[in-house]
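In what follows, a structure is listed as structure tokens, so that the remarks can point back to it.
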Amino acid sequence: MTDSIRFILNGEDIALSSFEPTETLLDFLRLKRRMTGTKEGCAEGDCGACTVLVGRLVHGKLTYETVNACIRFMGSLNATHVVTVEHLAAADGQLHPVQQAMVECHGSQCGFCTPGFVMSLYGLWLTNSNPSRAEIERALQGNLCRCTGYEPIVKAAELVSRTRPSSLFDPLERDRANIMARLWNLQTAETITVVKDDRRLIVPGSVAALADILAEEPQATVVAGATDVGLWVTKQMRPINPVVFINHLADLQTVTVDDKGIALGAGVSYAQGFETLRREIPAFGRLIERIGGQQVRNMGTIGGNVANGSPIGDTPPALIALGAKVRLRSAAGSRELLLEDFFIDYGKQDRRTGEFVESIFVPRPEADAHYAVYKISKRRDEDISALCGAFHLSLAADGSVSGIRIAFGGMAATPKRARAVEAALFGKPWTQATVIQARDAFDQDYKPLTDWRATADYRQLTAKNLLTRFFLETSGTPQELQRFEQEEA
Amino acid sequence: MDKASYELYKYINGPMHQPLRHDSAHKHVSGSAEYIDDIPEPAGLLHGALGMADRAHAEIVSMDLSAVKAYPGVVCVLTGKDVPGVNDVSSGGHHDEPLLAETKVEFHGQPIFAVIAETRDAARRAARLAKVEYNDLPFWTDVDGALENGAPLVTSGMTLKRGEPEEELGKAEHRIQGTMRIGGQEHFYLESHIALAVPGEDEDVTVWSSTQHPSEVQHVVGHVLDIPSHAITVNVRRMGGGFGGKETQGNQFAALAALAAKKLNRAVKFRPDRDEDMTMTGKRHDFRMDYDVAFDNEGRLHAMVANFAARGGYSADLSGPVTDRALFHADSSYFYPHVKLTSQPLKTHTVSNTAYRGFGGPQGMLGGERIIEEIAYALGKDPLEIRKANFYGDLGSDRVLTPYHQTVEDNIIARVVEELETSCDYQARRKAIIEFNRTSPIIKKGIALTPVKFGISFTLTAFNQAGALVHVYQDGSIHLNHGGTEMGQGLYTKVAQVIADSFQVDVERVKITATTTGKVPNTSATAASSGTDLNGMAAYDAARQIKERLVAFAVEKFEVPPDEVEFLPNRVRVGSKEIPFPDFVRQAYFARVQLSAAGFYKTPKIHWDRAAGRGTPFYYFAYGASCSEVSIDTLTGEYLMDRTDILHDVGKSLNPAIDIGQIEGGFVQGMGWLTTEELWWDGKGRLRTHAPSTYKIPLASDRPKIFNTRLAEWSENVEPTIGRSKAVGEPPFMLAISVLEALSMAVASVANYKVCPRLDAPATPERVLMAVERLKAI
């Protein structure tokens, strides 16, 4: 057992053994280190002004991802390389090409969001040598700018893509081998515990250790991506003690594909799961692109989205419509249940004392089945669903509905299947007439609320209309708005 | 001489009209640009947090702060009783905004006490521990509620009248009455409010405040502490965005920091977090416009009567001038033969609404454009045709008088619109869109081309003045200071260009310094798009004075006539001799020439009689036009911004790069106001959209997919402004009206363009879908 979190900050080795267990990286940078290039804009992971890169070894490769420092807890940083905007320019002040492109394109006005944009652009530039406009926009979904209208920033991304990383000017390229060696040495299979007065944080050394910890301390808060729990701390100032970080557990980050479907470890981030899901179940992939910004997708996990049971969580309806199963584990063993049975009521899930979500199994739709997910939000990207509907249809040879699973988020206290609508469709010919009469059944399934995202009337009407959209799509006339054509994206 | 140095010899770097980059760009991108929260903290710094009311309208029966005081790290708790001067931070001297409410709260989130603690975390946690008992009072949060409850006005309304509107309404061929609801807007500057106060000896206090109006912060701090203005110095180097949200709203944080700093004799910082900032500071006013208009078969307006009722919030703040400006711009670019416009700044139990880019103008102009839509759809014509039929005429015609009796002398709107119509291929695209809509059952498209004409000047005449302070040092370097503040708009860069140009020295020789009340006093807010017009001219005046002294010196010393002294790039020609600028300056110093000057400027020509509704409130107008194309999904109301083309008039641009940035940025901000940005209060009077998770400003992926912006390069200000340029901060914001109207056209397609969709703002997907449903049902 060890008692300190060790990581690399830009070039420096850091070891912290006594700090508040819910201290954020942003506060550490700004308050303790007085590194003020990283800004606080919202403290909830929605504006990107605090964007930094976090590098870690994944399958022996050093990978850097953008994250929101405002909701990234210090306890989740062991064996990582934290890179802030201060690290980019050369010692003599010579700007990094990413920074220079922003200057040349007039990409800053008030400048407050700018360091965050620079880091997001840097993250893109490191991984994509020729980004399309769609990819640039996706990389910038998590960064708000109120001054420029974004046009010059997108142009800066295009301009800098003509330059590629070189150890001559890029610090991460230059130090890659050195950083890899140092990170290798920082990795540990031991459990780390940091104590501050009566508060503790625990970083289990393995999944088995996690199970043991939860058996002993079932009241502990398990934190994977912290994109939800982060706000409990920064916004609600809710005490979470002890707090257990699991984002580093490689055993929870496996993605396995077979004929039946995809098994996702509970710690798989949206970003990690994206490529596989997009390839195997394209409609699911398109949903992932619209969850949070890139920083949130790099941190947040599908397991966390499920475990927290939010009625407006984006992935549960998509998963329920596929008949996904969730595997729960505790020191006593593990069990699997249908995801739709996991959600009992608002804020209440079927998770027993000492259990944690270990994995999710996503069945692949049958080859001739139709599967679609429609997320409706006030703003297209980086917004929470007003409602999100998923449809999974199989047709018999005679054109009648032989299988139908429909699930919605945002329509009830939990993500919930539309059983009455399904009943109205099952066995009937898949025709416009059937769909029109089935629409009314939504009134039996859901009594949505009015809030700032939408009124009850809008939610109800749109849910019905999404069934119509699904019908149109399955009959060969897709009618969904797409900003970019397939080839542009 | 090599080529590079010859170029230096031939031109200076950074004269007026050059697309110079923002002076802080390299610091922005490297994270070294210093905002107030980045300043190295003074030893012993304390942090403040506010206790906020959790009632919309109530008497405070009792306040138990014992748990707050007992929280570890808390140094003291302040209430209204701790204010030594006047417990008021109102901007116009209305005396209606307590720093800390004592007996009554009038909006949910109103500050009622302040905690000062050793850390910000401790202050924030302690602030939640108060036990407050309230006696609830009736409340209303919106315009409809205010009207139903017979709410008072927070400040007096205004009436503009010309001709015989009431009589004429019944005489024309057509008459339409209707209502439009226009939403408010949160500024969402990325840097939230902040103030840092450091106590000095005697009564002195130095305040760093994220404010667009340092002089007002100075006055308010003096008022609250009961000390003279000379004891207070207010500094601001830059803001992380302002947009009007930091014109008056910084007062409370600066006053609290100063109050605590003087009481405790320690430095104190207040930095509300995003949710507190959005809850406790004012926003753009939402409006309800009720209109009654008459027009002929050609679509020409005959008479218009309209009332603009606004959500003022609990106090006056700037609601008077904001609602005034709504009326000033309800004509958009159109001549109203008979017109009566009235405003009603209503009291509501919400945070007091305030300045926001355009300052009521966008709401007024949007109302004017709704009228055009009503006429167009009633007559089955293209709204653009109706627009053209109603434009103000050329000088000399009988269609040049505004509802406020000012003659439009510099009208170029017809040319701007025509050029854009051609360059963006409006007519062919509109035809293609109508054809597309005919065959596309679910997805519908819309296109709209809308004009902008925006009046430049503060309508409060006294604000149209500015000062600057310029020092030339013996090494030829120049120190520049003026009363304008930098919030990202590039003001500092432009004024530095003015000075570089005046002295003909490279702009690198000009040091831009933070705005401070100690150098230039009695400044106006950097607002109303006036920053460059006013401060550029004041700086120019300071440079002129120094140059005159330098010329007089050269005339005397070198015995040449004045016209033989010429400021050439980085040198001065005296007769046949050319002297490098630093050498020349040093010689002047030894001849005891004063190398420092305070410059001053006041805008000529303007006057305004509010009671009579007559005068010349604006020095000139800025013009522009935009054309937007959108697609909507009639099943969900979702939409996409397909393309926008903009042609905008900035006169002779002082800095085309900065101006383009203002135009693109203003457009996208305006688009947010009209589309996804929605403020939502719940049944308890709580603002529930108080963070970016719930309040949605545009993203990169929301900007028009094709986005073409051009300056009307042929334009020059007819008035002798600095470099013949025009103001650019606010006018482009209203270019976004084309987005709303394009959405409206797409909606109108479901009823064959025969019914005005009356799409209110913001046109969220929900409002679009509901409008579609309404039209389908007709």
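Here is the naming used below: chain letters follow the sequence lines, and residue numbers restart at 1 for every chain. Predicted, not measured: the structure shown is a model, and the values here were computed from it.
Between F667(B) and F707(B), the two ring planes are tilted [angle within 30° to 60°]. Using cut-offs of 30° and 60° for the angle between ring planes, the H187(B) and Y189(B) rings count as parallel.
Interface remark: E41(B) contributes backbone and side-chain atoms alike to the contact with chain A (heavy atom separation under 4.5 Å). Of the two parts of R459(A), neither the backbone nor the side chain holds a non-hydrogen atom closer than 4.5 Å to a non-hydrogen atom of chain B. Residue Q662(B) touches chain A through both its backbone and its side chain, counting heavy-atom pairs closer than 4.5 Å. With a threshold of 4.5 angstrom between heavy atoms, M770(B) approaches chain A through side-chain atoms but not through N, CA, C or O. Contact of L699(B) with chain A is made through backbone and side chain together, with heavy-atom distances under 4.5 Å. Of the atoms belonging to P441(B), it is side-chain heavy atoms, and not backbone ones, that fall under 4.5 Å from chain A. Using a 4.5 Å cut-off between heavy atoms, S377(A) touches chain B through its backbone atoms (N, CA, C, O) alone. Heavy atoms of L472(A) lying under 4.5 Å from chain B belong exclusively to its side chain. For chain B, the nearby parts of K235(A) are the backbone and the side chain; heavy atoms of each come within less than 4.5 Å. At a 4.5 Å heavy-atom cutoff, the contact between E44(A) and chain B is made by side-chain atoms alone. Contacts of F188(B) with chain A are made by both backbone and side-chain atoms, with heavy-atom separations under 4.5 Å. With a threshold of 4.5 angstrom between heavy atoms, T455(A) approaches chain B through its backbone and through its side chain. Both the backbone and the side chain of E40(A) have a heavy atom closer than 4.5 Å to some heavy atom of chain B. Using a 4.5 Å cut-off between heavy atoms, A454(A) touches chain B through backbone and side chain atoms alike. Of the two parts of D37(B), the backbone and the side chain both hold a non-hydrogen atom closer than 4.5 Å to a non-hydrogen atom of chain A. Interface residue R124(B): backbone and side-chain heavy atoms are both found under 4.5 Å from chain A. Proximity to chain A involves both the backbone and the side chain of T636(B), based on heavy atoms less than 4.5 angstrom apart. Residue contact with chain B, scored on non-hydrogen atoms closer than 4.5 Å, involves the side chain of L461(A) exclusively.
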Given D383(A) and K378(A), is the salt bridge (Lys or Arg N to Asp or Glu O under 4.0 Å) satisfied, shown in steps? CA-CA 7 Å; D383(A) 197 356; K378(A) 213 181 272 184; over 6 Å; no
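Using a cut-off of 4.0 Å between Lys/Arg side-chain N and Asp/Glu carboxylate O, E480(A) and R469(A) are scored as salt-bridged. We find that R146(A) and E677(B) are joined by a salt bridge, their nearest charged nitrogen and carboxylate oxygen being less than 4.0 Å apart. By the 4.0 Å N-to-carboxylate-O rule, R688(B) lies close enough to D682(B) to be salt-bridged with it.
Side-chain atoms of E638(B) and R380(A), non-hydrogen and from C-beta on, do get closer than 4.5 Å to each other.
Side chains of E486(B) and H22(B): a donor-acceptor N/O pair is present below 3.5 angstrom, by distance only.
Among the candidates P692(B), P765(B), P704(B), the residue making the largest number of heavy-atom pairs closer than 4.5 Å to chain A is P692(B).
The shortest heavy-atom contact between L95(A) and S30(B) is CD2-CB, 4.3 Å. G240(B) and E191(B) make their closest contact through N-OE1, 2.8 Å (heavy atoms, listed as atom of the first residue, atom of the second, distance).
Annotation: K684(B), atom NZ; neighbour count of heavy atoms from other residues, nucleotides and ligands within 6.0 Å does not exceed 12.
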